[in-house]
Amino acid sequence: MPESESLSNLLSENRLFKPSDSFAKNANVKFDSYQEAKKDRLAFWEKQANRLTWDKKWNQVLDWQLPFAKWFVGGKLNASVNCLDRHVAAGIGNRVAFFFEGEPGDSKTITYSQLLIEVKKCANALESIGIGAEDRVAIYMPLIPEAVIAMLACARIGAMHSVVFGGFSAEALSSRIQDADAKLVITSDGGYRRGSAFALKPAVDKALENPNNVKHVLVVKRTGQEVEWKNSRDLWWHELVEKQSDEHEAKSFDSEHGLFILYTSGTTAKPKGIFHTTGGYLTQAAYTHHAVFDLKPEKDVYWCTADIGWITGHSYVVYGPLINGATQVIYEGTPDTPTKARVFQLIEKYKVTILYTAPTLIRTWMKWGDEFPNSCDLSSLRLLGSVGEPINPEAWMWYREVIGKNNCPIVDTWWQTETGSIMISPLPGVTETKPGSAMKPLPGISAEVVDDKGNPVGNGKGGYLTLTEPWPSMTRGVWGEPQRFIDTYWSRFKNMYFAGDGAKLDEDGAFWVLGRVDDVMNVSGHRISTTEVESALVSHEAVAEAAVVGANDAMTGQAIVAFVILRGGIDSATGAELEKSLKDHVANEIGAIAKPKKIMVVAELPKTRSGKIMRRLLRDVAENRQVGDATTLADPNVMKLISEGLNSGKSED
Ligand code: WTA
């Protein structure tokens with residue numbers, strides 16, 4: 001069925017969209033890529049590695065000592081040269097790399113040549129304060145051009161960056177600085193969000209009150225707000241970076257040289273430092289960006305709305321698009337400031353052709369109403385992408401109709417911080433799409449849905465999502481914790497990477513990712529571990545015990561619901577105040593994104609005889625369902641008590 005047919009016609013079929021002939025004709029990737037990769041997977045990836053400029057070619061494509069992979073062994077390259085220098089050398093330095101839009105309405109256009117100069121200056125600045133290829137640099141910034149420049153400058157000198165999302169608290173920043181043993185923090189005085197300036201530097205100051213080996217803090221002046229200053233440690237970006245030479249020769253690094261660490265929530269309270277290296281990561285980021293987004297670098301204006309604090313910002317704002325010479329939009333602020341049409345106005349202003357965003361934002365737009373997108377000219381759009389959580393078919397159809405005007409293929413892309421790049425997604429112009437399905441593994445990727453014993457479930461059935469062959473951008477491990485890498489991903493099923501997600505295969509073999517099957521929640525596309533929130537709660541003086549679940553939420557996918565047992569002597573009748581204090585405490589410990597939506601004070605928690613909290617039962621309560629099978633509870637009365645306590649009205653939102 002062509003992309004342009006009307007919605008009612010489309011819905012009357014069994015919701016299968018065939019690529020339009022016109023899109024298919026010009027698509028970057030053709031159907032035979034699947035066969036080509038299947039025939040010789042390593043040759044396929046070797047061909048993709050040639051998208052990069054290598055200073056020395058590899059002598060082995062893959063060295064696989066399960067679960068440890070090395071890709072393009074012996075090859076040497078520089079990530080920043082691949083993103084910038086080679087484009088300038090090829091004569092496209094005047095192409096716009098970024099249209100930056102600040103939330104207050106300031107904007108800046110940065111070409112590839114200009115970006116290269118800034119990155120070289122920043123690289124010189126970092127080297128001038130003793131940062132080198134052995135070091136880690138924490139980056140804690142709003143989405144402003146200097147954040148990208150800082151990442152590329154680190155990559156240029158071989159220092160690993162560890163970007164910490166600007167919404168995380170001082171505590172969260174501190175533990176990440178400590179875990180990676182960062183020597184430098186790059187931050188800004190603050191940024192703009194929801195119409196006002198927020199501060200970042202105070203959180204850095206507070207984080208650095210804890211033990212650390214940070215020698216310097218490099219501060220971008222973004223808002224001009226007052227900041228405290230420690231002369232021996234703090235440096236202004238505009239003083240240090242601006243005075244540097246714009247000449248900088250990049251060194252070559254080994255294909256397996258560390259590129260970055262990015263922390264993500266696991267099933268314990270301690271976040272995992274997911275560790276990525278250079279050659280394989282860049283190869284797959286570049287290939288998938290080219291293939292899945294069908295990028296035509298001379299014509300397209302591409303906008304991925306992710307913050308650089310997440311893997312999507314790393315792979316599909318920084319590395320993939322820049323390697324491919326894309327022209328991009330980046331926006332500092334929130335989608336409702338100063339109007340709920342802000343994103344659509346920017347699409348119109350910059351004539352955005354490719355939009356990549358998250359289901360939570362799509363559902364928010366649906367709630368706000370069609371008048372906002374309809375008030376802008378969105379006709380430049382030709383491709384839409386989704387990432388971060390399962391997209392419900394209704395949101396998919398709305399995205400297609402109201403944003404894409406039934407004229408844009410939708411790519412629902414499944415992947416993870418650990419996979420580094422997109423793994424399962426339709427290929428636009430090639431693969432049919434179904435609303436809500438990520439369809440099938442990309443060429444060169446092997447995925448399987450398996451049962452409890454690791455056997456493939458076959459079509460029409462559900463199970464655990466696994467990856468059965470190594471891929472170039474796979475994480476090389478958990479920073480400093482090799483055993484945790486093996487235990488978390490490679491122990492559940494023999495010889496397979498277990499992603500932590502449940503999935504089903506439909507009758508046609510299309511993949512439907514159902515969400516996490518472990519104790520990780522997905523709130524607005526962000527991973528948050530139940531244990532992490534629990535341990536934040538029990539660090540509050542009023543809390544004796546806590547259990548946290550992700551309850552289905554129409555807007556954010558999941559919402560955090562916490563059940564707490566108070567310490568003796570604390571009167572739960574202090575309800576609203578206590579609840580606020582607990583929520584603020586979690587925001588303080590982790591960040592505002594981890595604030596529970598609801599806190600319920602209970603007398604007991606449902607536990608098995610071995611003491612494991614039965615979250616399934618709590619989820620039933622949180623989602624207002626009949627409580628399921630409770631026969632394995634140590635004390636069968638607990639659920640009755642919880643329900644009774646809750647019905648007495650102490651636990652209002
Ligand atoms: C979920 C984000 C369904 C999934 C790139 C995964 C998805 C986790 C999708 C990784 C999708 C991501 N459909 N679920 N298209 N994309 N997820 O590490 O549960 O922040 O395991 O990486 O998000 O989140 P992460």
Side-chain angles (χ1 to χ4, degrees), residues 163-165 167-168 260-267 271-276 281 284-285 288-289 292 304-320 356-363 384-393 395-396 399 410-426 433-442 445 447 449 462 464-467 473-475 478 488-489 492 497-504 510-530 550 556-558 593-594:
V163 183
V164 180
F165 174 57
F168 278 122
F260 65 86
I261 304 171
L262 186 59
Y263 285 85
T264 184
S265 290
T267 50
K272 296 183 289 242
I274 300 300
F275 166 48
H276 283 284
Y281 170 78
Q284 198 177 331
T288 52
H289 184 259
V292 175
C304 165
T305 63
D307 189 271
I308 44 127
W310 312 110
I311 190 69
T312 307
H314 283 60
S315 304
Y316 299 108
V317 176
V318 182
Y319 293 107
Y356 189 30
T357 193
T360 184
L361 185 58
I362 298 167
R363 290 192 297 266
L384 301 173
S386 171
V387 63
E389 54 176 313
I391 178 165
N392 46 312
W396 196 101
Y399 197 27
I410 295 181
V411 288
D412 173 10
T413 61
W414 177 86
W415 59 295
Q416 310 178 291
T417 305
E418 294 86 340
T419 69
S421 312
I422 299 171
M423 303 294 281
I424 305 180
S425 165
T433 56
K434 298 178 183 186
S437 168
M439 300 309 292
K440 57 179 184 173
L442 290 178
I445 299 301
V449 180
Y464 302 94
L465 182 54
T466 61
L467 300 165
S473 65
M474 63 196 285
T475 176
V478 179
T488 311
Y489 305 104
R492 179 72 180 79
Y497 170 94
F498 172 46
D501 282 317
K504 79 170 191 226
F511 283 70
W512 296 71
V513 180
L514 303 170
R516 308 288 307 187
V517 294
D518 53 12
D519 292 337
V520 176
M521 299 172 287
N522 189 328
V523 182
S524 299
H526 301 320
R527 277 161 76 169
I528 300 169
S529 101
T530 50
T556 57
Q558 285 190 315
I593 49 166

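Both ligands and their constituent atoms are indexed starting at 1 by order of listing.
When every heavy atom of His276 is checked against every heavy atom of Ile274, the shortest pair comes out as NE2-CG2, 3.7 Å.
Shown in contact with Thr413 at under 4.0 Å from a heavy atom are these atoms of ligand 1, numbered in order with element: 9 (C), 11 (C), 15 (N), 16 (N). Close contacts between ligand 1 and Gly388 involve ligand atoms 1 (C), 7 (C), 9 (C), 12 (C), 16 (N), 17 (N), 23 (O) [criterion: under 4.0 Å to a heavy atom]. The ligand atoms of ligand 1 that sit less than 4.0 angstrom from a heavy atom of Val387 are 5 (C). Residue Val513 has at least one heavy-atom neighbour below 4.0 Å for each of these atoms of ligand 1: 3 (C), 14 (N).
The backbone of Glu389, and not its side chain, has at least one atom closer than 4.0 Å to an atom of ligand 1 (non-hydrogen atoms only; backbone = N, CA, C, O). At a heavy-atom distance under 4.0 Å, only side-chain atoms of Asn522, from C-beta outward, approach ligand 1. Counting heavy atoms under 4.0 Å from ligand 1, residue Thr312 touches it through the side chain alone.
Between Val292 and Leu442, some side-chain heavy-atom pair lies under the 4.5 Å cut-off. At least one side-chain heavy atom of Lys434 sits less than 4.5 Å from a side-chain heavy atom of Met439. Between Trp415 and Thr312 the shortest side-chain heavy-atom distance falls below 4.5 Å. The shortest distance between side-chain heavy atoms of Ile261 and Tyr263 falls below 4.5 Å. At least one side-chain heavy atom of Phe260 sits less than 4.5 Å from a side-chain heavy atom of Ile311. Looking only at side-chain heavy atoms (C-beta outward), Phe511 and Met423 stay at 4.5 Å or farther from each other. Within the 4.5 Å cutoff, no side-chain heavy atoms of Val523 are placed close to those of Ile593.
Distances shorter than 4.0 angstrom do not occur between any heavy atom of Gly500 and any atom of ligand 1. Ligand 1 does not have Trp310 within reach: every non-hydrogen atom of the residue lies 4.0 Å or more from it.
Distances between N or O atoms of Ser386 and those of ligand 1 include no value under 3.5 Å.
Counting heavy atoms only, Asp501 comes closest to atom 21 (O) of ligand 1 of the residues Leu262, Asp501, Thr264, Ile422.
Without hydrogens or angle criteria, Ser315 side chain to Gly420 main chain gives a donor-acceptor distance under 3.5 Å.
Of all protein heavy atoms, the one closest to atom 3 (C) of ligand 1 is Pro390 N, 3.1 Å. Looking only at heavy atoms of the protein, atom 5 (C) of ligand 1 is closest to Trp415 CE2, 3.4 Å. Protein heavy atom at the shortest distance from atom 24 (O) of ligand 1 is Arg527 CD, 3.1 Å.
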